Amino acid sequence: MTLSRREGVDIRPTLLRVLTDLYVQASAHSADEEQQFVELTSRLIDEVDDATRAAVRARLAVYPATPARIIDKLGLRRAAPGEAMPAAAPIPAAAPPAPPVRLPTEAQQRMAASLAMRPNDAAEIADMFFAARASERAQILHNLQETPLKAAARLPAARAARAIHILEMAAFAEDLDNFTLEVGEALILPSRIAAQVVNDPGGEPLACAMRALDMSGAAFQRILMFLNPDAGSSVNYVYRLSRLYDRLSERSALVLLAAWRGSTMAVARGKYRASLYDDERHHARAASSLTRPAVQPGSAPAIRSQTSKS
C-alpha cells in the first residue's frame, strides 16, 4: 500500500512476491482460495521482470500444493506421488526502483564549487593562513596538497587567460583597484577577501591566487615588480615569492581558494546577511555629487510689498 502511493513505482513485482509468500504459508487451501491465487498470479507472472519471475518460480517449485495451472505457466516439473519436497526460504521483498538521477544544473555546480568544505572549517583554514608567518604559510600550503579536502573547480582556460591579461595590464599601470576587482571577479571572491589577498604584505595569498589562474612564473614575477613598486624593488621579496610560486602546486592553491569562498558563507551565517552584500556597491559608479537646490526657480510665489503701487 505504501508503494502504491508513490508516483512512478511499479508495485506488481512486490505484489506477486507477497501473494506467493502468503499462499505457501498454508499447507492446504480451499477451492476459492486456489482459484483467486491462480487468477491473480497468472496475470502478474506475465507482467513482472525476469528476476521476480525466477524468484517466484523457485518458491513454488518446492511447494507441494502449487496449482496445476501455475505449474504449467511457470514450466515447472510436477512432483511424483510420494516425492518429498524440500522447504524453501521466504522470498526477499523487492526494493522499490530507485528514482531517476537528475544531473546538477550549472548553478548547482557553481554552488558546489563554492562550498567545497564546511563553512566553519573553511573560515578556520582561511584565518589560520592569513595569520601565519611566511614559514608557517609554506608548511600549510605543503599540507594542503595531501589533504582530503575538496578543491575548487579549475577555471576555464579562456576565462583564466583573459584574467591574466587584464591583471598584467593593471599591474603595469600600478592600478591596484582594478587589479583587486579582477581578482575578485575571476576567482569568484567577494571584494573583502580579494582586497585581503592582494594587499597582504607577505605576498603568499597573491601567489596562491595567481597559481589558481595557472599564471606562468615569468608573468607572476612581472606582477610582483610592477604592482607594488615599493615591495617589488626588494630583491629578497621577489626572489622568495618566486621560489614559493615555482614549488606551489595547483591543488594547494585551489583548496585554499575553496577555503576563501567557504569562509564567506560562515561570515554570512553569523551576521545573517548575504556573503556578497557589498559587491554591488564596489562595482557601481560613483553618483554625481551635484545636488538640486531646495527651491526650484518659479516654484515659489512672488511676495508683493505693501508699499508697492504697481
Side-chain angles (χ1 to χ4, degrees), residues 104-117 122 125-126 129-130 137-138 140-142 144-147 149-200 202-228 231-232 238 241-265 275-276 279 282-283:
T105 62
E106 183 178 356
Q108 291 172 339
Q109 291 176 353
R110 181 166 180 174
M111 179 60 70
S114 299
L115 299 178
M117 60 188 77
I125 293 174
F129 182 78
F130 281 120
R137 287 178 173 181
I140 292 174
L141 293 174
H142 176 73
L144 288 180
Q145 184 176 358
E146 304 297 335
T147 183
L149 294 175
K150 183 180 179 181
R154 181 183 301 173
L155 271 71
R159 179 66 181 95
R162 175 176 174 271
I164 292 172
H165 178 67
I166 296 175
L167 292 173
E168 284 197 76
M169 291 192 301
F172 290 154
E174 301 180 14
D175 190 347
L176 191 62
D177 292 338
N178 279 329
F179 188 93
T180 304
L181 181 62
E182 182 61 27
V183 168
E185 291 183 350
L187 298 180
I188 319 176
L189 292 174
S191 57
R192 177 181 62 85
I193 298 295
Q196 192 173 5
V197 169
V198 174
N199 298 323
D200 185 88
E204 291 86 0
L206 180 61
C208 294
M210 299 302 100
R211 176 60 72 188
L213 292 172
D214 198 20
M215 178 181 288
S216 65
F220 178 64
Q221 291 178 7
R222 292 193 294 269
I223 286 177
L224 291 178
M225 291 186 293
F226 290 100
L227 180 62
N228 187 352
V238 176
L241 290 179
S242 297
R243 289 190 58 188
L244 173 68
Y245 194 79
D246 293 338
R247 298 177 180 179
L248 180 61
S249 66
E250 183 186 36
R251 171 170 171 75
S252 298
L254 292 177
V255 171
L256 188 58
L257 175 60
W260 290 338
R261 291 172 176 173
S263 65
T264 61
M265 300 299 297
S275 61
L276 305 180
D279 279 3
H282 288 272
H283 292 181

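For clarity, every value in this text was computed on a predicted model and none was experimentally measured. Side-chain atoms are counted along with the backbone in the values below, which use heavy atoms only and exclude waters and symmetry mates.
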Does some side-chain heavy atom of Glu174 sit less than 4.5 Å from a side-chain heavy atom of Leu227?
-> no

To the nearest 0.5 Å, what is the distance between CG (Leu256) and CG (Leu149)?
-> 11.0 Å

Search all heavy atoms of Leu241 against all heavy atoms of Phe220 and return the closest pair with its distance.
-> O-CE2, 3.8 Å

Leu213 and Val183: CA distance, side-chain angles, deciding distance, side chain to side chain contact (heavy atoms under 4.5 Å, CB included) verdict | CA-CA 10 Å; Leu213 292 172; Val183 168; 5.9 Å; no

Please answer whether the main-chain N or O of Met215 pairs with a side-chain N or O of Tyr245 as donor and acceptor at a distance below 3.5 Å.
-> yes

State whether Phe172 and Arg222 meet the cation-pi test: NZ (Lys) or CZ (Arg) under 6.0 Å from the six-membered ring centroid, and within 45° of the perpendicular axis.
-> no

Can you name the closest pair of heavy atoms from Ser242 and Gln221 and give their distance?
-> OG-CG, 3.3 Å

Between the CG atom in Leu167 and the CG atom in Asp175, the distance rounded to the nearest 0.5 Å is 11.0 Å

Within-4.5 Å side-chain heavy-atom neighbours: Leu254 and Arg211 = no

Answer yes or no: is there a side-chain heavy-atom contact under 4.5 Å between Arg137 and Phe129?
-> yes

Closest heavy-atom pair and its distance - Ala122, Ser263 = CB-N, 3.6 Å

Is a donor on one side and an acceptor on the other found under 3.5 Å between the side chain of Ser252 and the backbone of Gln145?
-> yes

Output for pair (Ile188 CD1, Ile193 CD1), nearest 0.5 Å, gives 14.0 Å

Shortest non-hydrogen separation from Pro205 to Val197 and the atoms involved | O-CG1, 3.4 Å

Would you indicate whether the side-chain heavy atoms of Gln196 and Trp260 approach each other to under 4.5 Å?
-> no

About how many Å separate CG of Asp200 and CG of Leu206, when rounded to the nearest 0.5 Å?
-> 9.0 Å

Any Lys/Arg nitrogen of Arg243 or Glu204 sitting under 4.0 Å from an Asp/Glu carboxylate oxygen of the other?
-> no

Could you walk me through whether Glu182 and His165 pass the side chain to side chain contact (heavy atoms under 4.5 Å, CB included) test, one step at a time?
-> CA-CA 10 Å; Glu182 182 61 27; His165 178 67; over 6 Å; no

Find out whether Leu176 and Asn199 are in side-chain contact, i.e. whether some heavy atom of one side chain is under 4.5 Å from a heavy atom of the other.
-> yes

Contact summary for Leu187 and Ala212, nearest pair of heavy atoms = CD2-CB, 4.2 Å

Heavy-atom pair with the smallest gap, counting every atom of Arg251 and Leu144 | NE-O, 4.0 Å

Any Cys208 side-chain heavy atom under 4.5 Å of Leu248 side chain = yes

With the side chain counted from C-beta on, respond yes when Val255 and Ile125 share a heavy-atom pair under 4.5 Å apart, and no when they do not.
-> no

